[in-house]
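What follows is a short report on a single structure.
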Protein chains: 2
Amino acid sequence: MSDKMLDLVARRFRTLGEPYRLRILQVLEEGDRSVGELVATLDGNQPNVSKHLQILFDAGLIGRRREGTTVFYAISDPMVFKLCALVCSSEAEKSRRDFEALAGKPGRSKR
Amino acid sequence: MSDKMLDLVARRFRTLGEPYRLRILQVLEEGDRSVGELVATLDGNQPNVSKHLQILFDAGLIGRRREGTTVFYAISDPMVFKLCALVCSSEAEKSRRDFEALAGKPGRSKR
DNA sequence: TGACTGTATGCTTCCATAGTGATACAGTCA
DNA sequence: TGACTGTATCACTATGGAAGCATACAGTCA
């Protein structure tokens with residue numbers, strides 16, 4: 001993989017590396033939402049939500065449509081949920097390993 | 001998904017959000033490597049490589065084994081490559097869309 | 001046009017983390 | 001044990017980016 005591609009991929013990972021943005025995506029998974037709805041749902045302030053939305057939009061993960069003064073955002077790349085599912089299962093697996101290392105072999109240090 | 005889980009997932013994404021670490025993983029995909037070998041291959045300085053390896057290790061993505069004074073690292077969670085593949089294909093798709101938006105419909109602004 | 005609502009953008013502060021050199025530590029061999 | 005190699009850690013600087021406030025901008029309605 002080229003260095004440029006690596007940078008792009010890393011950038012995409014960083015986009016997803018923010019809990020607040022993951023929460024936004026999670027809400028949007030249920031359906032389109034306006035900025036105001038997201039602000040209310042996530043209990044955040046409007047400029048911050050707008051900025052995160054912009055970042056997700058630039059990354060191509062969400063799309064937007066305008067109705068009057070209201071802007072609705074929606075998932076445009078469902079890949080993100082596959083990613084999250086993968087990471088979640090991997091995370092669960094890691095927890096299991098960590099647990100077994102602690103419970104099963106108490107004398108064996110990690111290091 | 002719980003907030004704690006979201007934090008874990010976000011953290012994992014951030015771990016992968018560093019080009020240098022992706023390069024390390026890419027090299028390790030070909031097989032185990034010692035720290036020294038990685039330093040030589042990646043043309044980096046040793047403390048930096050060691051720190052990135054530690055981060056990947058803490059995340060459970062790589063494992064290590066010691067032989068004398070030498071420490072070998074190896075992929076322990078192949079999931080990362082699935083993640084990268086997903087992101088890559090999504091990235092390619094996005095590029096295609098961007099291109100078509102530019103070439104196919106020159107009059108239509110994104111905003 | 002002016003007032004109002006909904007959204008985006010500037011600017012500043014602050015925190016997390018990458019890079020780097022010096023140095024500590026672990027293991028091997030004389 | 002002392003010298004040497006390979007790796008990890010410490011202390012520091014610098015940078016990216018998130019949060020928050022103020023404010024600008026867009027669209028609607030009187």
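These numbers were taken from a predicted model, which means no experiment stands behind them. Chain letters run A, B, ... following the sequence lines, proteins first, then strands; residues in each count from 1.
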Rounded interatomic separation in angstrom, taking [atom1] from [X] and [atom2] from [N]:
X     : N      : atom1 : atom2 : value
A/R65 : D/dA26 : CZ    : C1'   : 17 Å
B/I55 : C/dA16 : CD1   : P     : 14 Å
B/I62 : D/dA8  : CD1   : C1'   : 14 Å
A/L53 : C/dG6  : CG    : C1'   : 13 Å
B/Q54 : D/dT7  : CD    : P     : 14 Å

I'd like to check the salt bridge (Lys or Arg N to Asp or Glu O under 4.0 Å) partners of [X]; sequence neighbours left out, ordered by chain and number.
X     : value
B/D7  : none
A/R66 : none
B/E93 : B/R96

**Message:** Between A/R66 and A/R14, which residue's closest nucleotide on DNA chain D lies nearer the 5′ terminus?
**Reply:** A/R14

**Request:** Going by the side-chain contact (heavy atoms from CB on, under 4.5 Å) test, name the single residue among A/I55, A/I62, A/L53 that passes it with A/I24.
**Result:** A/L53

**Item:** Path from A/V49 to A/F57 over hydrophobic side-chain contacts below 4.5 Å
**Value:** yes

**Message:** So, OP1 or OP2 of C/dG19: does either fall under 4.0 Å of a side-chain N or O from B/H52?
**Reply:** yes

**Fill in**
Output field dot_bracket for DNA chain C (Watson-Crick or G-U, both distances under 3.5 Å, | for other-strand pairs) contains ||||||||||||||||||||||||||||||

**Asked** By ring-ring contact (aromatic ring centres under 6.0 Å, His included), which residues pair with A/Y20, not counting sequence neighbours?
**Response** A/H52

**Message:** Suppose the criterion is salt bridge (charged side-chain N to carboxylate O under 4.0 Å, His left out): which pairs have a residue in residues 14-24 of chain A, not counting sequence neighbours?
**Reply:** none

**Item:** Contact list for residues 68-87 of chain A, test salt bridge (charged side-chain N to carboxylate O under 4.0 Å, His left out), sequence neighbours left out
**Value:** A/R12-A/D77

**Message:** Reading DNA chain C from 5' onward, which residue's closest nucleotide shows up sooner: A/K51 or A/T70?
**Reply:** A/T70

**Asked** Under 4.0 angstrom, heavy atoms only, what part of the nucleic acid is A/S50 near: base, sugar-phosphate, or nothing?
**Response** base

**Asked** Contact class for A/Y73 (heavy atom, under 4.0 Å): base, sugar-phosphate, or nothing?
**Response** sugar-phosphate

**Complete:** Ordered by number, residues from residues 16-49 of chain A within less than 4.0 Å of DNA chain D (heavy atoms) are A/E18, A/R21, A/N45, A/P47, A/N48

**Message:** Test of understanding: with side-chain hydrogen bond (donor to acceptor under 3.5 Å, both in side chains), list the residues that count as partners of B/D58, not counting sequence neighbours.
**Reply:** B/Q54

